[in-house]
Amino acid sequence: MLVKTYVVPPNQYITFQPMNLPQFSLQEALRKGTLWPALYSPYESKCGKGR
């Protein structure tokens with residue numbers, strides 16, 4: 001049986017930018033691809049696990 005999983009980015013649930021959101025440092029933001037931890041969602045591939 002094929003199992004499909006989907007990742008919905010957190011920005012789909014935040015319709016406006018709240019004031020005083022915590023921010024990553026500049027270097028960390030460049031690595032993670034976003035300035036705000038609330039919008040960061042790591043992609044974890046299910047393909048190939050356990051091999």
Side-chain angles (χ1 to χ4, degrees):
M1 174 181 269
L2 180 65
V3 177
K4 293 183 180 182
T5 59
Y6 299 93
V7 176
V8 179
N11 63 339
Q12 297 296 311
Y13 301 108
I14 300 175
T15 58
F16 64 96
Q17 183 179 339
M19 292 178 62
N20 301 322
L21 272 179
Q23 295 182 352
F24 286 128
S25 68
L26 179 58
Q27 289 180 342
E28 194 172 4
L30 289 171
R31 264 185 278 138
K32 296 189 183 243
T34 184
L35 185 57
W36 300 280
L39 298 180
Y40 176 67
S41 177
Y43 174 75
E44 298 174 7
S45 175
K46 306 294 184 201
C47 182
K49 280 201 170 191
R51 290 185 195 181

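As a basis for the values below, the full set of heavy atoms in this structure was taken, side chains included, without hydrogen atoms, waters or symmetry mates.
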Checklist entry - Which heavy atom of P22 sits nearest a heavy atom of P37, and at what distance? => result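 Looking at all heavy atoms of both residues, the closest pair is O-CD, 3.0 Å.
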Item to check | Distance-minimising heavy-atom pair for P18 and I14 | outcome: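 Smallest interatomic distance, heavy atoms only, reads CD-CG2, 4.1 Å.
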Item to check | Rounded distance (nearest 0.5 Å) linking atom OG of S25 with atom CZ of R31 | outcome: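 The distance works out to 6.5 Å.
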Item to check | Other residues, nucleotides, ligands: >12 heavy atoms within 6.0 Å of Q27 CD | outcome: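 Atom CD in Q27 is not packed in, count stays at 12 or less.
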Next on the checklist: Are L30 and F24 linked, directly or through intermediate hydrophobic residues, by side-chain heavy-atom contacts shorter than 4.5 Å (ILVMFWY only)?
Outcome noted: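 Different hydrophobic clusters.
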